[in-house]
Peer 1: 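Input: one structure, supplied below.
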Amino acid sequence: MNTTSYIQQTLNIPEKSITNTLQLLSEDCTIPFISRYRKDTTGNLDELQIEQISKLSKQFDEIIKRKESILKSIEEQNSLTSELQQRIQDSFDIQELEDLYLPYKKRKKTKADAAKEKGLEPLAKIIMSQKSHDLDSVVSRYINDLVSSPEEALQGARDIMAEWINENMYVRKNLRRLFQRKAVISSKVVKAKKEEEGAQKFSQYFEWEENLGRTPSHRLLAMLRAESEGFVKVNIGIDKEEAIDFIENAIIKSKNESSEQIALAIKDSYKRLLEPAISNETLQEAKEKADKKAIEIFSENLTQLLLAPPLGEKRILAIDPGYKSGCKVVCLDEKGDLLHNETIYPHAPQNESGMAMKKIRSMVNAYNIEAISIGNGTASRETEFFIKKIAFDKPLQVFVVSEAGASVYSASKIAREEFPSYDVTVRGAVSIGRRLADPLAELVKIDAKSIGVGQYQHDVDQTQLKNELDSTVMKCVNSVGINLNTASKSLLSYVSGIGEKMAENIVNYHAENGAFEDRKQLKKVPRLGEKAFQQAAAFIRISTGKNALDNSAVHPEAYGIVEKMAKDLGIKLNELIANKEKIALIQPEKYISEEIGILGIRDILKELEKPGLDPRKATKIFEFDPNVKSVKDLKIGMVLPGIVNNITAFGCFVDLGIKESGLVHISQLKDGFVSDVNEVVKLHQHVQVKVTEVDEVRKRIQLSMIL
């Protein structure tokens, strides 16, 4: 089996598409580049399919490496038979490979090893053959200086048989299936920890039991967290008698003294070896599935957050609200550069609202402010009400934006490099303003895990989480495109083919040589070669460049084709761009080449109609209910406006404009069954919700979208 046929077992994709995609990946082409600019080569595969091919290819390589390692290890033990070698070479199931290797795995000395040293392996073989009708006579032959009694001989034989039963591939394979179908997960409280601080949040798992296959990912992760923090003990098991009956039926073929010894060995093998190993495997497999689900939810939420509507290049006054320490205010220009900062004290205990109003009015006029961005943390609602009381000389849009991760950014190396002369409060306020102008450009500076739009992100496989979130950010950045002359190092590093070091070189080149005038100038950046240029060029934009195509998603390799289109129509290149009437006259088939096929040509024509179009929607102003300022103002039955601020497998959380978000359980999203929360709501979606339950003490709010 080769890589392509291995991938085809999982994906219903033509062989040619897989082979071509693998070739492109081997040439260091990125997934965004392949999916966008090599459609004719891949057969129009999308990013997800290409990503799956990439992952399965790596998985295949890992299996091959594991096989080589297993074969080498068994060969070094002089135990590699031609039959075993063939079985290992034919297998591409990692679990089966591990089962084949199990008898040869290096391990600590076992009971079976000790029994073999006493010369009891032949006795175990005689018993396992189930042919002896005079077991006492057989056993007596094994009494010697090392074995003092018949019972010791039988015990040693059972230890050896227990190990053989444990290594039996048929038994292990079918026990796994039994566990997969019937395993029950249970948890019991650790009595000594029951009254400790933090225990109550896991109280529902103090005495819990359910079928593992029906346990949702969030519940499994919660139980495992409760166990890791020492509050409960988790167990995975199936009906012991059913498991032992199955093994006995598989192994015992007679009714005599030998079968009695085998039955004892089976019980011992199951209790001591098989059950701990298979239950651990089953739990690990369930954990991997739960991790995958949690990471998928985090990735989906992150995508929605990064692609949230941008306000665009506006002059913004941003406020990081606070009470005693005041509200930090910054003024930003259209490029997000800091113009001014100061602190106002409109709230208790200072209550200097009159002075604060004058300062805000003065800043708005002095810096020609067009919009106001208010962080949604402490004192957010009060600050919003305060701002709306001010009589400005012109209408101003007021937005409340998520502060999630702003404090992480403000203390980061990136923030220190951007604002070396300012403290964390100023940097945090700048972040609040910039994420209104362009959420994507600002949020890429923050470790995705710190943005707070996932569930149990600290409990899942951290390597997988990082890889998936990095991939998500890369997809988002490249789907939007970036302005080469204004992009930060952080944003540039996610562009196809660039990376951190190259991004730094681009920023330094820009600082030394001024604005880029065309895409070709990228090639002058130190260490940015032809390959990097090929991968990156079409994802960057130059809005005021020499060539109008530099502000589009048309790849430079296709510029000659577009120029020929314009020439054939008898017009200049600039006259073709965004000219739907002229574009409609073009016959795509005429421009197919060896490099670019019909799918690529159609993409070019689509891009020419709306060059550089931002796929993100325009931002909308939202207002919370002015009568609700804290959880105490909530009453059951109230219908309120809210913003979805987190999505999980079990529902979504909605910001009502107070400190605590309310939960809309998946069963309350709409009438009828809902299998996926993301089918009903999206992050930052404006929704209407009804209050169904308020727990002031625990500060928990239950909501419903079924009005």
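Not measured: the values here are computed from a predicted model. One is the number of the first residue; the rest follow in order along the sequence.
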Peer 1: Can you check side chain to side chain contact (heavy atoms under 4.5 Å, CB included) on Val232 and Val234, steps first, answer last?
Peer 2: CA-CA 6 Å; Val232 303; Val234 173; 4.2 Å; yes

Peer 1: Mind checking whether Phe60 and Phe92 have parallel, tilted or perpendicular rings, split at 30° and 60°?
Peer 2: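 Judged by the thresholds at 30° and 60°, the geometry between Phe60 and Phe92 is parallel.
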
Peer 1: What closest approach, in Å, do Ser258 and Ser132 show between heavy atoms, and which atom pair accounts for it?
Peer 2: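 Looking at all heavy atoms of both residues, the closest pair is OG-O, 4.0 Å.
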
Peer 1: Might you confirm whether atom CZ of Arg214 has over 12 heavy atoms from other residues, nucleotides or ligands at distances under 6.0 Å?
Peer 2: no

Peer 1: Is it true that the side chains of Ser73 and Tyr101 contain a donor and an acceptor less than 3.5 Å apart?
Peer 2: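 There is such a pair between these side chains.
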
Peer 1: Please tell me whether Glu209 and Ser186 have a donor and an acceptor in their side chains that are separated by less than 3.5 angstrom.
Peer 2: no

Peer 1: Give a yes or no answer on whether the side chain of Ser54 reaches the backbone of Ile50 with a donor-acceptor pair at less than 3.5 Å.
Peer 2: no

Peer 1: Look only at the side chain of Ser69 and the backbone of Lys65, and say whether a donor-acceptor pair between them is shorter than 3.5 Å.
Peer 2: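 Side chain of Ser69 to backbone of Lys65: no pair is present.
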
Peer 1: Can you tell if the side chain of Leu305 reaches within under 4.5 Å of the side chain of Ile451, non-hydrogen atoms only?
Peer 2: yes

Peer 1: Run the salt-bridge test on Glu51 and Lys475 with the 4.0 Å N-O cut-off and return the result as yes or no.
Peer 2: yes

Peer 1: Would you find a donor on one side and an acceptor on the other, under 3.5 Å apart, between the side chain of Ser79 and the backbone of Gln77?
Peer 2: yes

Peer 1: Quick one: closest heavy-atom pair of Ile701 and Glu660, and the distance?
Peer 2: CD1-O, 3.8 Å

Peer 1: Look at atom NZ of Lys58 and say whether more than 12 heavy atoms of other residues, nucleotides or ligands are closer to it than 6.0 Å.
Peer 2: no

Peer 1: Tell me whether Arg36 is salt-bridged to Glu47, with the criterion being a basic N under 4.0 Å from an acidic carboxylate O.
Peer 2: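 A salt bridge is absent here (no side-chain N lies under 4.0 Å from a carboxylate O).
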
Peer 1: With sequence neighbours left out, write down each residue that passes side chain to side chain contact (heavy atoms under 4.5 Å, CB included) with Lys449, or none if nothing qualifies.
Peer 2: Asp447, Gln462, Leu465, Leu469

Peer 1: Would you mind reporting whether Gln8 and Ile13 have side-chain heavy atoms less than 4.5 Å apart?
Peer 2: no

Peer 1: Are any of the side-chain nitrogens in Lys111 or Glu163 under 4.0 Å away from the carboxylate oxygens of its partner?
Peer 2: no

Peer 1: Locate the shortest heavy-atom distance separating Leu669 from Val664; write the atom from each residue and the value.
Peer 2: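 Taking Leu669 first and Val664 second, the nearest heavy atoms are CD2-CG1, 3.7 Å.
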
Peer 1: Could you go through Lys193 and Glu229, starting from their C-alpha distance and side-chain angles, then the distance that decides it, and tell me whether this counts as salt bridge (Lys or Arg N to Asp or Glu O under 4.0 Å)?
Peer 2: CA-CA 10 Å; Lys193 302 270 287 184; Glu229 293 185 17; over 6 Å; no

Peer 1: Within a radius of less than 6.0 Å around CD of Glu248, do more than 12 heavy atoms belonging to other residues, nucleotides or ligands occur?
Peer 2: yes

Peer 1: Surrounding CD of Gln85 (heavy atoms of other residues, nucleotides or ligands, distance under 6.0 Å), is the total greater than 12?
Peer 2: yes

Peer 1: Check this for me: does any side-chain nitrogen of one of Asp113 and Lys109 sit under 4.0 Å from a carboxylate oxygen of the other?
Peer 2: no

Peer 1: Check the surroundings of atom CD in Glu500: do more than 12 heavy atoms from other residues, nucleotides or ligands lie under 6.0 Å from it?
Peer 2: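 Counting neighbours around CD of Glu500, 12 or fewer heavy atoms of other residues, nucleotides or ligands fall under 6.0 Å, so no.
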
Peer 1: How about Lys670: does its NZ atom have over 12 heavy atoms from other parts shown lying under 6.0 Å from it?
Peer 2: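 At most 12 heavy atoms, drawn from other residues, nucleotides or ligands, come within 6.0 Å of this atom.
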
Peer 1: To the nearest 0.5 angstrom, please state how far the CD1 atom of Ile266 sits from the CZ atom of Phe246.
Peer 2: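 Ile266 CD1 to Phe246 CZ: 10.0 Å, rounded to 0.5 Å.
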
Peer 1: Do the side chains of Tyr270 and Leu175 get nearer than 4.5 Å, heavy atoms only?
Peer 2: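 A side-chain contact exists here, since the closest heavy-atom pair is under 4.5 Å.
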
Peer 1: In terms of side-chain geometry, is the basic nitrogen of Glu468 or Lys292 positioned less than 4.0 Å from the acidic oxygen of its partner?
Peer 2: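 Lys292 and Glu468: not salt-bridged.
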
Peer 1: With a 6.0 Å cut-off (strictly less than), is the heavy-atom count around CD of Glu83, excluding the residue itself, greater than 12?
Peer 2: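 Not more than 12 within 6.0 Å, no.
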
Peer 1: Identify the heavy atoms of Asn20 and Thr41 that sit nearest to each other, and give their distance.
Peer 2: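 Smallest interatomic distance, heavy atoms only, reads ND2-O, 2.9 Å.
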
Peer 1: Is any side-chain heavy atom of Leu154 closer than 4.5 Å to a side-chain heavy atom of Ile127?
Peer 2: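 SC-SC contact between Leu154 and Ile127 confirmed.
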
Peer 1: Check the pair Gln284, Asn280 against side-chain hydrogen bond (donor to acceptor under 3.5 Å, both in side chains), reporting the backbone distance first and the verdict last.
Peer 2: CA-CA 6 Å; Gln284 192 56 43; Asn280 187 54; 5.8 Å; no

Peer 1: Is there side-chain contact between Thr3 and Thr19, with heavy atoms separated by less than 4.5 Å?
Peer 2: no

Peer 1: Is it the case that Glu227 and Tyr205 place a side-chain donor and acceptor less than 3.5 Å from each other?
Peer 2: no

Peer 1: Thinking salt bridges, do Lys67 and Glu62 make one under a 4.0 Å N-O criterion?
Peer 2: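 No.
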
Peer 1: Just do the side chain to side chain contact (heavy atoms under 4.5 Å, CB included) check on Leu283 and Leu224 with the steps written out, would you?
Peer 2: CA-CA 10 Å; Leu283 178 58; Leu224 294 178; 4.2 Å; yes

Peer 1: Taking C-beta and beyond as the side chain, do Val477 and Val473 meet within less than 4.5 Å on heavy atoms?
Peer 2: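 In short, these two side chains touch, coming nearer than 4.5 Å.
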
Peer 1: Would you call Lys466-Asp470 a salt bridge at under 4.0 Å N-O?
Peer 2: yes

Peer 1: Before giving the answer on salt bridge (Lys or Arg N to Asp or Glu O under 4.0 Å), spell out for Lys240 and Asp245 the whole-Å C-alpha distance, their side-chain angles and the decisive distance to 0.1 Å.
Peer 2: CA-CA 9 Å; Lys240 180 182 174 182; Asp245 283 348; over 6 Å; no

Peer 1: Between Arg172 and Asn166, does any side-chain donor sit less than 3.5 Å from a side-chain acceptor?
Peer 2: yes

Peer 1: How many angstroms lie between atom CH2 of Trp164 and atom CD1 of Ile160, to the nearest 0.5 angstrom?
Peer 2: 6.0 Å

Peer 1: How long is the gap from CD1 on Ile7 to OG on Ser17, to the nearest 0.5 Å?
Peer 2: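 If we round to the nearest 0.5 Å, Ile7:CD1 and Ser17:OG are 11.5 Å apart.
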
Peer 1: Checking salt bridge (Lys or Arg N to Asp or Glu O under 4.0 Å) for the pair Glu167/Lys105: CA distance, chi angles, key distance, verdict?
Peer 2: CA-CA 11 Å; Glu167 293 168 353; Lys105 217 172 211 176; over 6 Å; no

Peer 1: Do you see a donor-acceptor pair shorter than 3.5 Å between the side chains of Thr472 and Ser299?
Peer 2: yes

Peer 1: Is there a donor-acceptor contact under 3.5 Å linking the side chains of Thr692 and Gln702?
Peer 2: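 No, because no side-chain N or O of Thr692 sits under 3.5 Å from a partner of the opposite role on Gln702.
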
Peer 1: Which heavy atom of Ser479 sits nearest a heavy atom of Leu307, and at what distance?
Peer 2: OG-CD2, 4.1 Å

Peer 1: Does one side chain, of Asn645 or Ser661, offer a donor that lies under 3.5 Å from an acceptor on the other?
Peer 2: yes

Peer 1: Of all the heavy-atom pairs spanning Ala448 and Phe298, show the shortest one and how long it is.
Peer 2: O-CZ, 3.4 Å

Peer 1: Do Lys287 and Leu221 come close enough that some side-chain heavy atom pair is under 4.5 Å?
Peer 2: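 Side-chain contact under 4.5 Å: yes.
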
Peer 1: Between Ser91 and Arg87 (side chain of the first, backbone of the second, donor and acceptor by atom type, cut-off under 3.5 Å), is there such a pair?
Peer 2: no

Peer 1: Looking only at the side chains, is there a donor atom on one of Asp159 and Gln155 sitting less than 3.5 Å from an acceptor on the other?
Peer 2: yes

Peer 1: Got a second to check how far Glu98's CD is from Asp93's CG, nearest 0.5 Å?
Peer 2: 10.0 Å

Peer 1: Please report the interatomic distance CD1(Ile295) to CG(Asp461), rounded to the nearest 0.5 Å.
Peer 2: 6.0 Å

Peer 1: CD1/Ile94 to CZ/Arg66 distance, rounded to the nearest 0.5 angstrom?
Peer 2: 6.5 Å

Peer 1: Does the side chain of Tyr142 reach to within under 4.5 Å of the side chain of Ile126, using non-hydrogen atoms?
Peer 2: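 Answer yes - side chains close enough.
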
Peer 1: Going by atom types alone, do Gln304 and Glu300 pair a side-chain donor with an acceptor below 3.5 Å?
Peer 2: yes

Peer 1: Under the side-chain hydrogen bond (donor to acceptor under 3.5 Å, both in side chains) criterion, do Glu152 and Ser148 qualify, and how do the steps go?
Peer 2: CA-CA 7 Å; Glu152 186 180 343; Ser148 61; 2.7 Å; yes

